[in-house]
Amino acid sequence: WIDAFLLPAVTWLLMAIFILAPRFLLFRSNIQRFSRTYGRICIVITALLSAFQIVLLLAATGKTAHLPQFFSFLAGLAIAIVGNWLGKIRRNPLVGIRTPWTLANDDVWNRTHRAGAAILLLFGLALCAVSFFTPPLIPAAFIFAGLLGIALWSIVYSYKLHRDLMHTHPKP
């Protein structure tokens, strides 16, 4: 029962959050500026969770035995797709690389997201390749290490951009 209904319930809850959250957040006008990209990202995440559910149900019926490979391949594909669109996202508190420095400044936000888009795209494609050409536990370690590295990079990179911008254009 948990396998059959938990993931679909989480998917429906996420869809409700995706629909309702932009209506109540700061930077509402910014979210409207990239609404097409936001909608696409929501669809990719929902499709990813739905694909996870299909693979999980197939495995429960004995149809597939390669769960780690399928899950990591699907995750890599979704990361690459979202990474491709990351540079189109405007400053908002809901979607994107949200550090104190990116949220404080449009230039830091845009530069961080342009660089992050390339990194996520490459990481997603690498994860797709790693998924089927390595032993099953390697993709899980690759996902963990890669996402941790990308998170740390985004914090350091956005901080340095913000600091450099403040030195270049100090507040009066």
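Note: hydrogens, waters and symmetry copies are ignored here, and every other heavy atom, side chains too, is used.
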Do the non-hydrogen side-chain atoms of [X] and [Y] ever get within less than 4.5 Å of each other?
{"X": "Trp101", "Y": "Ile155", "answer": "yes"}
{"X": "Ile45", "Y": "Phe18", "answer": "yes"}
{"X": "Phe5", "Y": "Gln53", "answer": "no"}
{"X": "Ile143", "Y": "Ile79", "answer": "no"}
{"X": "Val44", "Y": "Arg40", "answer": "no"}

Inter-residue atom distance [X].[atom1] - [Y].[atom2], 0.5 Å rounding:
{"X": "Trp12", "Y": "Ile17", "atom1": "CH2", "atom2": "CD1", "value": "14.0 Å"}
{"X": "Ile43", "Y": "Ser50", "atom1": "CD1", "atom2": "OG", "value": "11.5 Å"}
{"X": "Asp164", "Y": "Tyr159", "atom1": "CG", "atom2": "OH", "value": "9.5 Å"}

How close do [X] and [Y] get, heavy atom to heavy atom, and via which atoms?
{"X": "Thr99", "Y": "Ser158", "answer": "OG1-OG, 2.9 Å"}
{"X": "Ile89", "Y": "Asn92", "answer": "CG2-ND2, 3.4 Å"}
{"X": "Ala75", "Y": "Leu127", "answer": "C-CD2, 4.1 Å"}
{"X": "Phe34", "Y": "Lys88", "answer": "CB-O, 3.5 Å"}

Side chain to side chain contact (heavy atoms under 4.5 Å, CB included) partner of Leu152, chosen from Val156, Ile150, Leu148 =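 Between Leu152 and the candidates, side chain to side chain contact (heavy atoms under 4.5 Å, CB included) is satisfied uniquely by Leu148.
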
Where do Thr112 and Thr102 land on the side chain to side chain donor-acceptor pair (under 3.5 Å) test, with the steps shown first?
-> CA-CA 7 Å; Thr112 301; Thr102 58; over 6 Å; no

Would you kindly confirm whether [X] and [Y] end up in one hydrophobic cluster when ILVMFWY residues are joined by side chain heavy atoms under 4.5 Å apart?
{"X": "Val130", "Y": "Leu125", "answer": "no"}
{"X": "Trp109", "Y": "Ile119", "answer": "yes"}
{"X": "Phe52", "Y": "Leu14", "answer": "yes"}
{"X": "Met15", "Y": "Leu74", "answer": "no"}
{"X": "Leu94", "Y": "Ile97", "answer": "yes"}

Hey, mind stepping through Leu7 and Leu49 against side chain to side chain contact (heavy atoms under 4.5 Å, CB included) and telling me if it holds?
-> CA-CA 7 Å; Leu7 194 53; Leu49 293 174; 4.0 Å; yes

Of all residues at least two apart in sequence or in a different chain, which pass the side-chain hydrogen bond (donor to acceptor under 3.5 Å, both in side chains) check with Asp106?
-> Arg91

Backbone N/O of Pro139 and side chain of Ser72: donor-acceptor pair under 3.5 Å |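 Not a single qualifying donor-acceptor pair exists.
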
Could you walk me through whether Phe71 and Leu56 pass the side chain to side chain contact (heavy atoms under 4.5 Å, CB included) check?
-> CA-CA 9 Å; Phe71 284 148; Leu56 194 62; 4.3 Å; yes

What residues form a ring pair (Phe, Tyr, Trp, His ring centres under 6.0 Å) with Tyr38, not counting sequence neighbours?
-> none

Working for side chain to side chain contact (heavy atoms under 4.5 Å, CB included), residues Trp85 and Ile41 = CA-CA 8 Å; Trp85 294 326; Ile41 290 170; 3.9 Å; yes

Parallel, tilted or perpendicular for Phe132 and Phe70, by the 30°/60° rule?
->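 Taking Phe70 first and then Phe132, their aromatic rings stand perpendicular (interplane angle over 60°).
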
Is the count of non-hydrogen atoms from other residues, nucleotides or ligands lying under 6.0 Å from Leu13 atom CG greater than 12?
-> yes

Taking salt bridge (charged side-chain N to carboxylate O under 4.0 Å, His left out) as the test, write out the residues that go with Arg90, two or more places apart.
->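 Partners of Arg90 by the salt bridge (charged side-chain N to carboxylate O under 4.0 Å, His left out) criterion come out as none, since no residue qualifies.
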
